[in-house]
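On a predicted model such as this, the values are computed, not experimentally measured, just so you know.
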Amino acid sequence: MTQSFFQTFILLILVTDPFGNVPLFVAALKEVPVQRRARIVVRECAIAFLLLLVFMFFGQHFLAALHLSPVALRIGGAVILLIIAIRMIFPHPDGVLGRNEGGEPFIVPLAIPALAGPSALATVLLFSSGSLTETMVHVAALAAVGVVWLAVFLSAERLQQKLGPQVMTAFERLMGLILTAMSVEMLLGGIREFVKTL
């Protein structure tokens with residue numbers, strides 16, 4: 001159970017990439033009054049957490065409604081994770097998640113897609129196929145990840161100033177490399193499951 005919690009925690013940290021999203025949060029909150037920034041961070045993290053929680057509990061119903069198999073979702077999720085990981089390793093001019101519009105952020109782009117993006121949603125949908133005990137472990141891991149989000153983003157400006165852009169970039173690329181390996185493993189697992197059904 002502890003191993004499952006740790007694996008889920010690490011995977012969700014990699015998928016939501018809070019440290020890699022620090023520059024995005026700093027840029028998005030740049031024009032917002034200082035006294036409102038903490039409130040916005042808490043709100044956006046709460047929205048992302050609730051959305052991922054809903055997908056975790058109702059993922060199977062979502063799959064059934066769309067007539068999707070867990071194997072197809074696993075392979076599709078792995079492909080999305082791989083694309084995100086590649087964009088983390090080889091930076092795109094628009095960033096990992098695309099362009100960011102100005103103004104006070106609400107849901108987009110901080111809650112969605114920065115935290116609860118396609119890869120994170122696909123990942124928690126995979127967690128919904130387990131037993132009740134496993135689901136509770138996944139919920140606990142998601143809650144722990146939410147605490148990490150708050151800790152990182154509430155201190156985002158100080159973190160970026162202390163570590164500097166080069167360290168943040170190096171850290172994001174390292175996380176991208178780890179996520180690449182995890183996405184390939186997920187893809188191979190999905191292919192193995194598909195071969196068994198033939």
Side-chain angles (χ1 to χ4, degrees), residues 3-30 37 40-41 44-45 48-49 51-52 73-102 105 108-127 138 141-191:
Q3 184 179 5
S4 177
F5 172 87
F6 185 71
Q7 288 175 339
T8 303
F9 176 79
I10 293 298
L11 181 57
L12 288 173
I13 284 290
L14 291 171
V15 169
T16 57
D17 189 19
F19 295 100
N21 280 321
V22 163
L24 175 62
F25 268 71
V26 171
L29 298 174
K30 188 176 182 181
R37 291 178 186 174
I40 291 173
V41 166
E44 297 301 305
C45 289
F49 174 80
L51 182 60
L52 292 175
L73 180 68
R74 186 171 186 177
I75 293 175
V79 172
I80 292 173
L81 284 176
L82 186 58
I83 292 171
I84 295 290
I86 290 171
R87 286 175 69 106
M88 288 169 68
I89 297 172
F90 304 103
H92 191 274
D94 295 337
V96 175
L97 302 165
R99 291 189 181 277
N100 174 32
E101 299 297 331
V108 178
L110 302 183
I112 304 169
L115 297 176
S119 54
L121 293 173
T123 301
V124 296
L125 276 173
L126 291 174
F127 296 154
H138 297 321
L142 179 59
V145 169
V147 173
V148 173
W149 293 346
L150 289 173
V152 171
F153 297 133
L154 287 174
S155 58
E157 290 184 68
R158 286 178 303 210
L159 193 63
Q160 190 175 42
Q161 288 171 357
K162 286 186 178 180
L163 296 180
Q166 289 183 328
V167 174
M168 295 301 296
T169 301
F171 191 76
E172 183 176 359
R173 290 181 181 177
L174 175 61
M175 289 175 56
L177 182 62
I178 296 171
L179 188 57
T180 299
M182 295 183 77
S183 62
V184 170
E185 182 63 36
M186 188 185 296
L187 180 62
L188 293 175
I191 293 172

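Atom OG1 of Thr123 is separated from atom CG of Leu142 by 11.0 Å, given to the nearest 0.5 angstrom. If you take CD1 on Ile86 and CG on Leu177, they are separated by 11.5 Å, rounding to the nearest 0.5 Å. One finds the CZ atom of Phe5 at 9.5 Å from the CD1 atom of Ile10 (value rounded to the nearest 0.5 Å). The CG atom of Asn21 lies 7.5 Å from the OG1 atom of Thr16; values are rounded to the nearest 0.5 Å. Rounded to the nearest 0.5 angstrom, Ile13 CD1 and Thr8 OG1 are separated by 12.0 Å. Rounded to the nearest 0.5 angstrom, Ile112 CD1 and Leu121 CG are separated by 7.0 Å.
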Exercise for the section: Apply side chain to side chain contact (heavy atoms under 4.5 Å, CB included) to Leu163 and Phe19, showing your working. Expected result: CA-CA 11 Å; Leu163 296 180; Phe19 295 100; over 6 Å; no

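Annotation for Val22 and Ala156: closest pair CG1-O, 3.6 Å, computed over non-hydrogen atoms. Between Leu115 and Ala120, the shortest heavy-atom distance links the atoms O-CB, 3.4 Å. For the pair Ile40 and Leu29, the tightest heavy-atom approach, listed with the atom from each and the gap, is CG2-CD2, 3.7 Å. Between Arg173 and Ile89, the shortest heavy-atom contact is NE-O, 3.4 Å. The two residues Ser4 and His138 make their nearest non-hydrogen contact at OG-CE1, 3.9 Å. Closest approach of Phe49 to Trp149, counting heavy atoms only: N-CZ3, 3.8 Å.
Side-chain contact check for Val148 versus Phe9: some heavy-atom pair is nearer than 4.5 Å. Leu12 places a side-chain heavy atom less than 4.5 Å from the side chain of Val124.
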